[in-house]
Amino acid sequence: MKGKRILILTAVFTLLILISSSASASTLYVKEGGDTGEYGSLQEAINAANEGDVILVGEGRYSENVLVNKSLEIISENKCPNKTVITAQDPETPVFHVTSDFVKISGFTFKGANSTYGIYLEGVSGSKISNNYFSENWRSIMLRDSHENTLENNRLANSDNGIWLESSEQNIIKDNRAASNRHYGFYLNSSQNNTLQNNCASGEAVGIYMENSSGCRILNSKTSNNFYGIYLIDSGESLLENNTANSNEMYGIYLGNSNESVLRGNKANSNQWGIYLNSSFNTLQNNTMSCNSRNFGAYTYHYRGEMNNTIDTSNMVDGKPIYYLVGVSNQTLDSDSNAGVVYCINCENITLKDLYLENSSFGIYLYNTQNSLIEGNNISNNEHGIYLGNCSITTLRGNAVNSNEGDAFILSSCRNCLVEDNNASNNMAGIWLCDASRDNVLKENTATSNSWCCIDLGDTSCNNTLEGNILSEAYEGIYLYGASEENTLKNNTITASSYGLFTEGCGNNTISGNRMSGNDVGISLNLDWTDGTNSDCNIIYNNYLNNSKNAEDYGTNTWNISKTNGVNIAGGPYLGGNFWASPGGDGFSETALDEDKDMISDFPYNVTETNYDYLPLVSEKPLEKNKNAGEKTADEKTASEKKCGKSR
Amino acid sequence: MYRKNWNLLGLLILGMIVYQFVFPVSAGDSCRQENESVGTVIIATVEGDSHTFGKDSIATAFEKEGFEVINLGDSISAESLAATAKEKEADFVFSSASMSTTMLHQIQIEEQLKAAGIRDKVITGVGGSLVTQAWADKIGADIYAAGPEDAVFKAKSTLLNGSIPGTHISANESTSCGNCHR
């Protein structure tokens, strides 16, 4: 009897539980047009629902802007999302605006919010948006101040943006596919510690973009055929693992100021740049980069931040290991290393020789590295060939650095380096000294067919020696700019260029013993138009000039030294001025009068109206010339001499 | 007498037609008074980018053609550009970006104009040494400006016809730096 009573009580209790539970999770039905016991719109059903209810939506087309302000599960009856389509009635209001936690939305197509969002989670946690299609929205899924939500298996296409997070943390975004959105597939701003896993983004301007979003994880995702694959800016401590970034127009993977991030097992192929770092304290392992125009790159040539990354040789470019040496001393890398690209940061006594390096941002990159030798390497088809930043006492000798998009050699803030007997052809510039590089020697290099210049010195690069270089077929053979002074340019041969030597705002350089022929202009000394600094007080003597126009001088310079014993460039017994030839064989020095037979003209040469070569050299058998023509008195030999303190 | 007057009127009309053929004037010229702006152009180099050569060339070209030009300078944020465009009720918003890392700000300009509710009220143009027609198409910019002449030509065409023609570029024209020095 007692047992029977217990059984009845148990059955009643169970029934009560069932009744109560069904009361707390009712199912409300929505059907297109509505019917008895059904709602004709989602908003009506939501208004009628209680917390925790389920709203089951029949297939059809609905035109609404829905406010979801209760914890509800809103699902479509037909699991195929394109059977239940909800279009924004007002395109300036989200299709679904969710303001309550723990909302589940699944199985719909959201479209037509072209001035706003498909689904907008505002200040929401614990919600799940899954198995939906989105199109024709400004931002398909928008999260603001929303944390610990899940966005899963959604298809986001043909909108301005796919998933957009602002100030939203610890969300899980997985198995979503974004395609052909105009701007971003996945965009995170000021959103920390989110996980993006197994997502796919293609045909966007940017596949995955993070800004000010640290501690995020991007795992097993694919970005292809975008302009930018995965792009992080100011988003440190991120983990990028096992992602694929292929066939993007610009970067496969780019990290800008995103320090202490880990890149592991990523593949970046057939992009313009494979993986590019402008960040420090990163760790790279087992990443592969192939068939990119630039497989691997780190830092631009003016970068001055820390470069202390851990990048081991498990990272490969076109099947060859990356050598990223930090703080290493006394090491040699030669052809046995099979190096694909070499970075040496804070190193000492490194030898790099006989390497073939191509298709990266830099073939060789040295920073703050001393007493090293780079010799006999072949470096081509990179963005730039060899870069030295803040290096000293380093020799670059016998390298062939050709056909790079930018410069063959860049020396930035370098001192006491020797660049000797290298070949630099078909680059933008041959050898560039910048950022106050001083006391370097560039000697006997051959630079041809560089589109800008063969050698340029800028940004107060002073006291360097350019000697015995053979330079041809460029816009400028040698270009000095930015207050680069007290350099010595001697015994160089410059031909077939627009300008043999071109200066902008550079003074106190010594230019002697150079042969410039077949150029449009031999020597052109100019104002720096950006700050008005002129090219003054240069000393130009003993040069052989045979060009369409031999000289332009817009400053005040000295075109000869005092008559001094010594064999000059024309074979005469005295040093003095320059040899002024002409392609037609009737140049001043070829026709000038020399009655005293000292092989110096009896008359000065008018370089410009105010600048004169008072001791122009002549050839051995000058033609007869009117003695009075061009003759100047001693009083007229004034301006340039007085200003620069030089005289005959 | 009347007959003569009608002949004169006919000749006058004919003369006007011939004049239009011989001395064609732009739509802007024909419908504006002296000193009246053809349209307002906001122009800037994007955030993080200090390259101004191309941007300034385009600004000058617009000024010469009678546009009111508000040149905001370089390294201008998308928010600032959009706010100014809204405040000044600009007709055109042009941006220049010359680095692979700054081109992305041209996306943000599109986004910010939309956020400000004026994207459909302005015509956007993009230029810069790495910027292409494909990039402009991708991000939804209305005009790709290959150079100053091209920018003005397309801008005027949109005012005249409401559509944007193909790239119009003269032999030496480009927004990239060309042979200017580092």
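Order of the sequence lines fixes the chain letters, A, B, ..., with proteins taken first and strands second; residue numbering starts at 1 for each chain.
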Could you grab the distance from atom CG of A/Asp160 to atom CZ of B/Arg119, nearest 0.5 Å is fine? 9.5 Å

Heavy-atom check, side chain of A/Tyr251 versus side chain of B/Thr101, under 4.5 Å: yes

Could you work out, with salt bridge (Lys or Arg N to Asp or Glu O under 4.0 Å) as the rule, every residue matching A/Glu122, not counting sequence neighbours? none

CZ of A/Arg182 to CD1 of B/Ile139: how many Å apart, nearest 0.5 Å? 9.5 Å

Contacting moiety of A/Tyr276, where chain B heavy atoms sit under 4.5 Å: neither

Interface residues of residues 105-115 of chain B facing chain A - heavy atom cut-off under 4.5 Å: B/Ile107, B/Gln108, B/Glu110, B/Glu111, B/Lys114, B/Ala115

Quick one: closest heavy-atom pair of A/Tyr184 and B/Leu104, and the distance? OH-O, 4.2 Å

B/Glu63 CD: over 12 foreign heavy atoms closer than 6.0 Å: yes

Which portion of A/Glu204 sits near chain B, non-hydrogen atoms under 4.5 angstrom: backbone

Please flag which part of A/Asn278 lies under 4.5 Å from any non-hydrogen atom of chain B: side chain, backbone, both or neither. neither

Side-chain contact test, heavy atoms from C-beta onward, threshold under 4.5 Å: evaluate it for B/Met103 versus A/Met250 and give yes or no. yes

In the structure I gave you, are the side-chain heavy atoms of B/Ser100 and A/Tyr254 within less than 4.5 Å of one another anywhere? no

